[in-house]
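Some notes on the structure that comes next.
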Amino acid sequence: MFSALDQIRQAQGKYDSLKAAFLQKYNFSVDSVRALNQIILTSIRKTQAKAQGDVERIKDQAKELAAAEYTTELRQTDPIATGNTLPTELLVARVPVQNVSMPIMRDIGITNTYQNILTDLRNQGNVMVFSDFEHIEDRRIDEFIIAYVLRFIETFPLGTVNVHIFDQNTNYLYKRLNNSFQSENSGEIAKKIIQIHTAYSDLDTFRDVNCEDIFRKTSVARPDLYAIYEDDRSDPFNLIILRDGLVDGSGYASAEVLDTINSLTKPGEIGHKCGLRFLIVDNSASFEKNLTASNKHYLSSIQQNCALRIQFNDKTGFSLNGKSVDVLHISGNLDAFVQERSLALANAINSREKSYITLDEVSANETVNQLGNIMYIPVGKSGGNVVELPLSCRDEDGTVAGQCIGYIAIGQSGSGKSSFFHSLVLNGCMKYSPKDLQFWLLDFKNGGASSKYSDCGIPHIKIIAENNKIDDALCLFQMVLEEMERRSTAFNRCFTDNIIEYNRKAVAEGLEYFPRIVIAIDEVQEIFREDNASVLQKLISSISTRMRSAGMHFVMVAQNLSEGKSYMLKDAFMPSATGRICFRVSQDIPRDSGFEDDFIQRKQEISELKTGEAYVSYGKDTIKKVKMAFVSPQDMNDKVFADIRNKYSEYSYLRPRVIGSKARLSITSARQGVRGTYQDVLNGIKSQNGVYEAVLGEDVYRMSPFHIQFSQYENSSVLLLGSDKQMASSLCASVALSLMRQNVQVHLFNGDRTRISEGYEFVPHPFMYLCQNIGGSGSNMQTHRLDQLKDVLKEMYSEYLSRQAIVQKADDEDPTFPAIILIVNDLFGIESFISNEIIESNGVEKATPASRPGGFNFDYDIFSDQSPASGQVEGQFREGIQNIVSTIVKNGYRYNLHMVLAIKGDPSIWRTGRSVTNINNIMLFNDTEYADQIENSYYLKEMLKNISNDGEPETVAVWASRKSFSKVRPVIYKISDPQEREALQSLITV
C-alpha cells in the first residue's frame, strides 16, 4: 500500500503535469486563485468574441446569398458566367411585395421582398416597353435597354448572342457599347456582338437569310435553335432592339415593316424557332387615330407576340399592370460601367473563342480504296458536321453533287483562303491514295500557298508551279489541255468516254491507270489583263467543258472576279463548275463576281465572316456556312507531311516537280522525278523512222527533257534569237551533240570567234570547244571555215533544186531523202552573209544584185511569202546568200534540208514587219523585235521580261512554236568546270 506521503507526491506530480500542459497549450500559468479568476474572465471574453464572429459570418453568408440571387442591379463586381448551358428564363424586373420582418435581412440592408418578373426565353422571350411619343427619348429607357442587353449577353453562353440595335438617331450609349466590343484586341466573335442598324429593311435579311439557313437544320427531333445548339453551335442567337418606336413622328407606320416584325416575333414561327428575340419600344398609342385598320391589326399582333409588356411614363417610371417595377439597371456611373463591363466581356469571349478547327477534326481516318463517280474531300465543319466538297467525273443519277466538277473561291486578303487551300490539299492526300489522286498546285502571286509544298515529299503532289508570272498562265493551261487530250486519246483506244470505265479496263488489261487530278490555282485573277484575257478565256472554257470525263477538276481561288478582265473567268469557268466558295468580301463583290442569289442575299453576313469562315455551295439549295480546318506551318512541316508520307510509304519514289527554277541546268544535272542526268539523255538519243531529235534542255513547265525534231514532214529549221553568248553557243552545241549520235550529215559554222570569261579564265565557248574537238573528215559532222559558207550553201541549194525536181516528177507520194543539217552560231558574224554575196551555179550569167545603201541586199527574207526569182534553167541559179538561206529555212524541210541559225543582236535590218508563222521552232532569250512578229506577242514579251536573271548570266529561254509557247532551261556548258568539261568531252568523242 502507498503511504499518505506517497499519495501526496503522486497528486503533486499529476498537478505539475497538468499545469505544464495548460501552460504549453494556452500560454497561461495557473498558480494562484487570482490566476484562476483571470482564466475564467478571459474565457468569457473569448466566447463572446467567437459568438460575434459567428454572427458576422452568418451575415456575410446572407449577403452572398442575396447577391447571388437574381437581382435587377448590374454591378461591376458581378462575376462573369462561363457556363455552356442555354438559359430558359431571364429576370427583367421585380415588383416589391412586403416589408421584411427577419432582423438578419434588415441587418444586411434588405427591407422588402420582391416578386421576380421573368421572360420565358425558350418559349417566348419577347419584351415590349410602351411609351408615348413625347417621352420615348427618355434616358431611363436607354439605361434599361443597355442593362437588358448586357444581362442578355451574360445569361447565354458567352459569344452565342449577337445584339442588333435599330436606332435611326443612335444614342451615344449604344455607340459606346458598340465601340467597347470593337477594341483592337477583340476577337472576331466579340466584334460582332453589338451591331447598329439605321433601317428596318435590314430585318428582311434576318427573315430571308439568317432564318432560312438555320431553318434548314431544323427537324422534328430538332425543332428550334435551342435543340440544334446541343450538337451544332455555329449559329448565334440574336437579340433585336427596336428603339425608335413602331410609328414615326408623323404618325406613319410601314405596313410592310410591321408585317415583317409580326412574322419574326410570333412564337413558334420561323423567327422564334431560329433564335430571334425582341425588345421593342412601342409608341403607337400616341398615334391611335392616325393608324389604318391593317396597321392596327399588325400592331396588336406584335404586342400579343410580346408576353412581357412594361409601361413607361416620365413621372412614375416603369410599371407592370399598374404596379411600379424595379427594372434592370446599372449600379454606379453608367458610361464607365458600359466601357469597363463590355471590355471585360470581350476579353472573356476572346479567351473562350476557338479561332480554328484542327485538321484532325475533319480528316478521314481510313483511305478510300474504291473511288467512285464522285470524290469527296473534307475541308471543314458546319456546326458539328464535317463538310466534304464533291468533285464529280460522271453524272450520278441526276444528283446535285454529281453535277459539280469544280469550284471558284473568292475572298479578300486575310479572309482564310490559304487555310482552305491547305485543307483541300492535305485532307485529299489523307483520304485518297496517290494512285487515285494527284494535285497540281499553281500560284500566280508570290508562290504563297503552293510554296509550302516544295520540299514536302508528299507523293500526291505532281506539280508545283510557284512564283509564276502572268506570262506563265498560257503555258500552264496548255499543259492542262495536253494532259486532258492525252487521256482522251487513251479513252478512245479503249472505246470509253470517261475515266471510271477506262480505269476498270486499265486494271484488267494492264494499261496506264489515270489518277484524278485536282488543279488548285491560287490568285487566279492575276492572270487576266487587257492584252491576254480573251485568249485565256477561250482556253479555260475549252478545258472546263471537257475536263470532267477526264477526271480533272479546277479549284480556282481569287480575291474577286470584278477587277480588270477577271470577269471573263465568269463566262469561261463558272457555267461549267457549279461549286462556289465565298470568304469575307465587301457586300457588292458576290454579285459583281457572278455568284448566285443564295450568296447575294447573304451579302451582309459575308462581309462580316470571320477569318477561315466561308459560305459554300456545290449546287442549288446546298449553301451553308463552313469553318475551314486550319493547320499551322510548323504542324504542316513537323507532323502532317510526315503522317502522309508514312501512310503512303510505298509511293516514296514519287516527288513533286517544282516549276519556276532559274538555276543553271548543266550537262551533269539530275532530272526531276526520275533517275539519270542530262548527259544520260543525250547519250540515249536515237532517230526513228527518219525523224532526228535534239535535246536542248528542260521544259520549265513539264520538268522533262525538251526535244526538237528534224523531219521531212514539217518545218524543222530553228532560229535561236538573242545576244547571250554562252546560251546561244550552248544551244548550238546541244543540237550538234544530239545529231552526232544519229548518223546524219551536219555542217558546223562558228561565226563567234571570241572566248568567254568564266571567273578569272578566258575559255572557248561551248560551240567553239565542240568545233575544235570534233572528229576528222570521216565523221558525219564537219566543221568549216567561215569563208566556206558559200561553198556549203551552194551544195545545199543545188541539192534543194535537185530534190525539188525529183518531187515534181514523182508519181504519187513524195520520195524520202537523207537529211542535211546546217548549224551556224552567230550568223551575223559571217561576212559573206552580211554582204549578201552571190552564189551561182556553173553557166549562169553574172549580174550585180540590187543593193540597199551600205551594200546589203534584203530583197527577200525568210518570213516573206514570195519565192526566189523564177525562170532560170532547171538546176541553175544565181542568188544572194540571204535568199538561199531564207528559202531553205522556209521550205527546205520538204526535201529534208534544215538549218539551225543562232542570231545575236537585233536583226531588224534583215527582217522587218514580217510574220513568222511558217517557222515552227524559235528560241528567244533576250527581248528582241522578233516578239512582235509572233501571235500572242503579249505573252512572249512578258516571258522575255520575266526570264531575266537580274544581271546574272541568263539561264532560261522562251520557245515559240506557231501558237504554242514554253519556257526552257537550256543545258549551259561550263568549260572551266572539270567535271562538266569531262562530260562534254565524252559526248564529243562518242
Side-chain angles (χ1 to χ4, degrees), residues 119 121 124-129 136 145 148-149 152-153 161-171 174 177-178 192-216 218 224-225 235-249 252-284 287 291-292 294-307 309 587 590 597-609 615 623 625:
T119 180
L121 292 173
Q124 224 280 352
N126 298 325
V127 177
M128 179 171 282
V129 176
I136 194 172
I145 292 174
Y148 186 86
V149 165
F152 198 98
I153 292 171
V161 171
N162 290 341
V163 180
H164 301 267
I165 302 173
F166 285 77
D167 189 2
Q168 290 184 344
N169 299 306
T170 307
N171 187 292
Y174 304 129
L177 185 65
N178 179 57
K192 293 175 65 175
I193 295 294
I194 304 295
Q195 300 176 47
I196 296 176
H197 305 259
T198 58
Y200 279 144
S201 59
D202 289 350
L203 290 170
D204 294 338
T205 302
F206 288 98
R207 180 190 60 197
D208 300 335
V209 179
N210 299 61
C211 291
E212 189 65 30
D213 287 344
I214 298 172
F215 195 70
R216 286 197 184 104
T218 61
D224 58 18
L225 188 55
D235 297 294
F237 290 83
N238 289 280
L239 172 62
I240 299 177
I241 310 294
L242 303 184
R243 177 63 184 87
D244 283 332
L246 300 177
V247 183
D248 67 17
Y252 171 76
S254 167
E256 183 179 357
V257 170
L258 293 178
D259 183 28
T260 300
I261 296 172
N262 182 41
S263 66
L264 292 177
T265 56
K266 196 177 293 295
E269 296 297 325
I270 186 170
H272 188 268
K273 287 179 177 291
C274 297
L276 301 187
R277 300 297 184 266
F278 283 77
L279 171 58
I280 303 173
V281 179
D282 181 12
N283 63 344
S284 61
F287 303 97
L291 298 173
T292 64
S294 61
N295 283 353
K296 288 181 180 180
H297 169 74
Y298 283 131
L299 288 166
S300 176
S301 181
I302 293 170
Q303 292 165 3
Q304 293 302 314
N305 295 340
C306 300
R309 298 185 288 274
Q587 295 190 23
D597 287 343
D598 283 348
F599 291 88
I600 297 172
Q601 291 172 354
R602 291 164 174 80
K603 60 183 181 180
Q604 177 70 29
E605 288 73 17
I606 286 172
S607 69
E608 298 170 352
L609 286 171
Y615 277 96
I623 191 168
K625 185 164 71 173

Any chance you could measure I194, atom CD1, to I241, atom CD1, to the nearest 0.5 Å?
8.5 Å

Passing candidate, side-chain contact (heavy atoms from CB on, under 4.5 Å) with Y298, options T260, N262, T292:
N262

Taking the side chain from E269 and the backbone from G271, do they hold a donor-acceptor pair closer than 3.5 Å?
no

Once you round to the nearest 0.5 Å, how far does CE of M128 lie from CD1 of I302?
6.5 Å

How many angstroms lie between atom OH of Y174 and atom CD1 of I196, to the nearest 0.5 angstrom?
9.5 Å

Any donor-acceptor N/O pair, S300 side chain to H297 backbone, under 3.5 Å:
no

What distance separates T205 OG1 from K603 NZ, expressed to the nearest 0.5 Å?
7.5 Å

What distance separates Q587 CD from R602 CZ, expressed to the nearest 0.5 Å?
14.0 Å

The test is side-chain contact (heavy atoms from CB on, under 4.5 Å); show your working for D244 and Y200 and say whether it passes.
CA-CA 10 Å; D244 283 332; Y200 279 144; 3.9 Å; yes

Please check if atom NZ in K192 has more than 12 non-hydrogen atoms from other residues, nucleotides or ligands closer than 6.0 Å.
yes

Under 3.5 Å, side chain of R243 to main-chain N/O of I165, donor-acceptor pair present?
no

side-chain contact (heavy atoms from CB on, under 4.5 Å), that's the test. Do F237 and L239 meet it? Break it down for me.
CA-CA 7 Å; F237 290 83; L239 172 62; over 6 Å; no

Assign the ring pair F166 / H197 to parallel, tilted or perpendicular, where the plane angle (0 to 90°) is split at 30° and 60°.
parallel

Counting only heavy atoms not in E256, do more than 12 sit closer than 6.0 Å to its CD atom?
no

Do the charged groups of D282 and R309 touch, with an N to O distance under 4.0 Å?
no

Tell me, with the steps shown, if D202 and Q604 meet side chain to side chain donor-acceptor pair (under 3.5 Å).
CA-CA 9 Å; D202 289 350; Q604 177 70 29; over 6 Å; no

Under 3.5 Å donor-acceptor, N295 side chain and A253 backbone:
yes

I need the E212 CD to Q601 CD distance, nearest 0.5 Å.
8.5 Å

With a 3.5 Å distance limit and no angle check, can you tell me whether R277 reaches the backbone of H272 through a side-chain donor-acceptor pair?
yes

